[in-house]
Amino acid sequence: MRLHSKVLLVVVPLAVIPLLILGWLAYDQLRSTAIERSSSQMTTLMDQMTRNFQMHQDVAKANVKLFSNASLVRAYALTKDEEERYVLMLPSLLKLFTSYLRAYPDYNDIRFLLPNGYEDARRSLLPIANISENEAGTPFFKALRQFKGETMTYVSTPPDSETAALQFAQPIKLIDLTTQDPLNSTPTLRGYLVVTMQLDFMAEQVASSRIGNSGYTQIVNKDGKILIHPDPAQVGQLIPAALLSKALASKESKHLVPAPYLESSSLFSARYLHDDLLLIGVLPEAELLKESQRLGVVVAWIVLGTIVLMIIAMLIAISSLMIQPLRQLIIAVGEIGRGNLMPEISLSSKDELGQLALSFQEMAGNLEKSRLKIERLAYHDSLTGLPNRFQAHEALQHMISHARRENGKMAVLFLDLDNFKRVNDTLGHQVGDQLLKEMAVRLTSVLRAEDFIHHESSSSPELLARLGGDEFVILLPKIDSSLDAARVCSRILEMMKIPFHFDDKEIYSGSSIGISLFPDDGTKVDDLIKRADAAMYQAKEQGRNNFQFYSASYNLAAFEHISLEGRLRRALKNNELELYYQPLIQTTTGHIVGLEALLRWNDPVEGIISPERFIPIAEDSGLILPIGEWVLREAGRQIGVWHTVGLTDASVSVNVSAIQLQRQDLLTIVDQVLSDNGLQPWQLELEITETAIMKIKPEVIRDLDAMRKKGVTISLDDFGTGYSSLSVLQELPIGKLKVDKSFVQDMLVDPKDAAIVSAVLFIAKSLGLRSTAEGVETLEQAARLAEEGCDQLQGYLLCRPLPAHLMTQFLKDHKVSGALTTKLTAD
Amino acid sequence: MSAAKTLLLTLFLLTTVGSVQAKELIFLNWPDYMDPEIILEFKQRTGITVKQSYFDSDTTRDELLLETEAKGFDIALMNAASMKILANRGWLDPLDEQSIPNLKHIDPYWRSEPQDNKTFGAPYFWGTIGIVYRKDLVPSTVSSWMDLLQPTPALHGKISMIGDSADLIGIALKALGYSLNSIDEKELKDAEALLRAQAPAVKTYRYLSLNDDSALLTGQIVMSMMYNGDALMLKKHNENIAFVLPKEGGNIWTDFLSVLSSSPRKAEAKQFINFLNEPEIAARQAMYVHYATPNLAAQKLLPQDFKDNPIIYPSQESLENSEAYLRLPARAQKNRAAIFSRIVY
């Protein structure tokens with residue numbers, strides 16, 4: 001049951017029950033008043049009817065006496081001779097009777113009966129045939145014969161008459177003066193004068209005796225036979241004996257007697273009109289109660305209306321006071337249930353519901369705290385505060401779907417401490433725990449450093465998690481290649497070389513790392529972790545403190561990369577890098593006008609390592625920045641030395657990587673190099689490959705432009721490989737194009753290459769740029785290039801790249817005339 | 001009893017009381033049934049005044065006598081039936097030729113009447129009963145009692161009947177083809193029904209006046225039962241008055257003169273009866289009332305045209321269906337009285 005209904009169930013009866021009681025009291029009061037009023041109305045009416053009857057009866061008695069005293073009647077009674085009576089007197093007698101009947105229309109007939117019951121004369125104005133002339137056997141005449149009084153009244157319901165009638169009979173006792181002595185003889189019975197009076201006058205009264213709407217009276221004889229009834233159909237019926245006796249018992253009473261009659265309960269009153277005539281008043285209770293019932297109906301309507309109004313009012317009140325707040329609370333609780341622990345409950349009331357709302361909010365706040373705690377417990381390792389296995393899985397899942405969308409690569413690193421068990425066993429768990437904590441700190445810092453280097457990837461940070469025991473996992477969400485993962489691993493391994501210090505104890509602990517890659521090694525969380533784990537065991541088998549890819553093919557590349565990068569870093573530090581120089585010859589003069597500085601790495605293990613191998617690694621690892629800077633400064637210093645000793649006044653060309661352009665303040669470095677070595681800006685030339693310059697940003701272009709304006713030559717290296725358009729070239733702040741050596745090498749055999757070389761040189765000329773051809777190896781090539789108008793030549797034909805000390809010698813050798821001129825002219 | 005009659009009676013009683021000394025006879029008679037000249041002549045001859053009191057049917061006369069116990073009258077006109085009963089009652093004084101010598105002129109036919117008639121009444125006139133009507137106002141010919149008893153709608157309210165039990169019921173029985181004296185209950189019932197059906201059309205059951213103000217002369221009544229002589233008397237006033245003896249026949253009646261035993265002047269009364277039976281006087285009387293006289297000597301004095309009048313002296317064949325009233329059993333009389341009271345009162 002809903003709250004509405006419950007409240008209504010309690011409140012509605014509270015209002016309705018008093019109303020009903022009040023209604024009932026009013027109803028009862030009205031009912032008894034109605035009964036009383038009707039009772040008096042009825043008894044009054046019935047008394048009136050009784051009096052009326054008595055009056056008629058008295059008049060009739062007096063009349064019959066009067067009639068029988070008429071001289072004609074007396075004479076008739078005294079006349080013994082029939083013929084005399086009938087011929088002489090009867091017409092007159094009948095005429096007399098007729099006049100009586102005319103005078104008293106209530107009288108049905110007037111008869112003269114002989115003492116033996118023979119009906120000697122009868123006059124009626126009604127067209128009723130007389131059935132019998134001899135009354136001797138009738139109950140009426142028997143009663144009459146017994147009668148000793150003056151005037152007899154008899155109620156008859158003659159079978160020949162439809163309606164009941166009263167008979168008034170007067171015995172006529174006379175002394176016949178012709179034969180009897182008036183003094184001494186007793187009057188002899190000569191006959192009876194009988195007046196029959198129709199009860200019509202009562203019928204009229206009964207018919208008009210309405211009590212209320214449906215109350216009525218009826219007249220019954222002592223057998224209960226209905227003689228007069230407002231409804232003619234009821235005449236002749238018998239009323240129930242029980243009712244009759246009840247009515248008889250109640251006679252003359254002012255009070256009505258209730259009894260069931262004609263299938264409805266009614267009230268009765270009875271009056272004796274005559275020994276054999278009973279007036280019964282019937283008052284159906286329904287009629288009596290009509291008024292009170294109407295009140296009852298009114299009360300019922302009021303109660304109903306009240307209930308409806310109350311229900312509406314209660315519904316509104318409950319709704320605004322309780323249901324709405326409760327609904328808000330329910331919604332709020334629902335929100336809490338769905339996880340929103342800070343639901344808004346806009347309840348301003350200060351009642352219990354308002355307090356409940358506050359409690360809810362408090363509870364929600366507590367829940368939120370608990371949730372955070374639980375979440376922390378659920379997602380974090382309590383010892384190190386790192387995400388736990390669960391969160392690692394979840395994060396990995398998230399990363400996988402992200403990577404899948406982005407078509408990216410990622411790596412899972414699984415690592416453990418090589419000697420953790422031993423530390424635990426020998427130094428105790430406390431130390432083990434501290435080791436793990438320190439481990440977590442170190443791993444975090446490694447990742448942070450990594451993040452600093454690759455700050456583009458900050459959008460999806462790496463994740464470090466402790467899976468349990470000494471097992472950690474690192475998720476690298478965005479890697480370009482397996483090498484990124486390998487680099488992280490080598491940093492970790494590097495870091496592990498630093499000893500841990502706990503309570504004055506120095507602990508060395510290595511780490512084995514397994515790597516799995518997405519999508520190569522698997523696309524599902526479990527697969528990736530399982531495979532990273534497997535790779536870690538492989539690493540352990542490899543002798544610990546190293547890392548292994550799950551797929552062995554990556555291991556080699558990774559190791560090379562790692563070792564080259566490491567060695568390159570060391571080489572930079574240990575000055576293992578060296579610059580070689582190659583001269584650039586002015587085509588027209590044969591003079592050395594420039595020297596291109598070329599980086600050489602003479603590895604102690606591998607010997608010379610070509611730039612094609614290590615430059616990409618330097619670019620990948622960021623080493624290109626210190627290396628590039630070193631090259632620029634070293635080349636500047638060397639050319640400065642040569643200028644100072646007067647060996648040459650040629651410019652120096654330095655190759656600049658795109659990474660340098662973007663991540664180094666090259667302008668400042670160039671300024672320093674120029675000022676440090678007393679160089680003129682035109683004596684420094686920066687070479688940028690065509691492909692690199694295509695990638696760089698507009699602000700870098702501005703830097704280049706600034707340098708060019710200063711006088712520094714910007715030359716486009718390897719031109720022809722980058723497919724740059726002429727319009728782009730025009731906008732670039734360059735002063736020189738260098739034709740790539742691949743075109744120069746085949747220009748004499750491949751017309752296509754020749755066409756490119758021609759085109760490049762033509763473009764340079766058109767745009768007012770100088771041009772240099774690289775890789776010139778034969779005189780024919782040189783001659784052709786000179787023919788084509790190429791400004792400068794560079795290549796083995798003239799001189800191979802030489803270390804600084806050999807170049808010094810070379811410059812000394814060609815100081816006066818220049819070796820190249822000799823060579824050219826020698827041909 | 002009508003108020004008028006009561007008044008008449010009262011007046012009569014007063015005058016009677018006032019003239020006891022002046023030898024006066026009170027004669028209870030039908031109206032216009034006595035030649036006033038003859039009364040004057042009697043007074044001149046004897047000094048006795050004859051004062052008439054009137055009744056218009058035998059029934060009213062009997063009623064009057066009953067009420068007065070036959071006191072206050074000296075002579076009364078009687079019908080045969082009543083005369084017997086009144087005689088039985090002792091209200092009539094016997095008559096004989098000693099006291100009324102002129103009775104010798106009476107046709108022996110009446111002298112052979114039953115004892116009572118002979119003894120207590122002197123035959124006065126005899127006649128019949130028929131229908132009188134206005135030839136000018138009744139479109140159809142009248143020949144049957146049914147013309148009167150079942151009148152055409154045009155006649156409604158314009159006919160009258162004689163309020164006499166015997167005559168009224170008698171002619172109804174006759175009209176139905178029954179005997180005038182029937183005691184058959186069914187026949188009487190039929191007759192009653194016939195009369196009842198006719199009753200709404202009947203203007204009155206009182207006997208019509210024979211004077212010049214008669215309703216028959218004014219046209220208020222256009223057809224009626226009437227005794228033959230009366231019709232002739234009226235005819236003197238209007239030639240359009242016709243009398244017919246219906247084909248079903250009727251009653252042949254005789255009126256008698258009786259002396260009341262309560263009369264203190266019985267001798268004078270008999271003297272008057274004797275005077276009336278003088279042939280010359282009786283003839284004049286007949287001429288006056290237009291009835292047939294039973295006085296043989298007087299008849300001889302009557303003119304031939306009077307004697308040839310078929311209304312006064314109907315032919316033997318026209319009387320073929322007619323009857324005289326017979327003495328009926330008492331209970332039958334009672335029945336007739338009841339029927340009569342139901343129709344007339």
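Numbered from 1 within each chain, the chains take letters A, B, ... in sequence-line order.
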Heavy-atom count check: over 12 atoms from other residues, nucleotides or ligands less than 6.0 Å from [X] [atom1]?
X	atom1	result
K173(A)	NZ	no
L176(B)	CG	yes
Q237(A)	CD	yes

Please state whether the side chain, the backbone, both or neither of [X] comes within less than 4.5 Å of a heavy atom of chain B.
X	value
L72(A)	side chain
T98(A)	side chain
R102(A)	side chain

For this session: First locate atom NZ of K95(A), then atom OG1 of T60(B), and finally report the distance between them rounded to the nearest 0.5 Å.
Result: 7.0 Å

Exercise. What distance do T59(B) atom OG1 and L90(A) atom CG have between them, rounded to the nearest 0.5 Å?
Worked result: 11.0 Å

Problem set entry | Engaged part of L86(B) at the chain A interface, taking heavy atoms whose separation is under 4.5 Å |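 The side chain, not the backbone.
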
Exercise. Taking every heavy-atom pair that is under 4.5 Å apart, which of L88(A), L93(A), D81(A), V87(A) has the most such pairs with chain B?
Worked result: L88(A)

For this session: Identify, with sequence neighbours excluded, every residue that meets side-chain hydrogen bond (donor to acceptor under 3.5 Å, both in side chains) alongside S165(B).
Result: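 None.
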
Problem set entry | Contacts with chain A made by residues 330-345 of chain B (heavy-atom distance under 4.5 Å), listed by residue number | A330(B), R331(B), Q333(B), K334(B), A337(B), A338(B), S341(B), R342(B), Y345(B)

Exercise. Between L328(B) and E83(A), which heavy-atom pair has the shortest distance, and what is it?
Worked result: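 The answer is O-OE2, 3.8 Å.
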
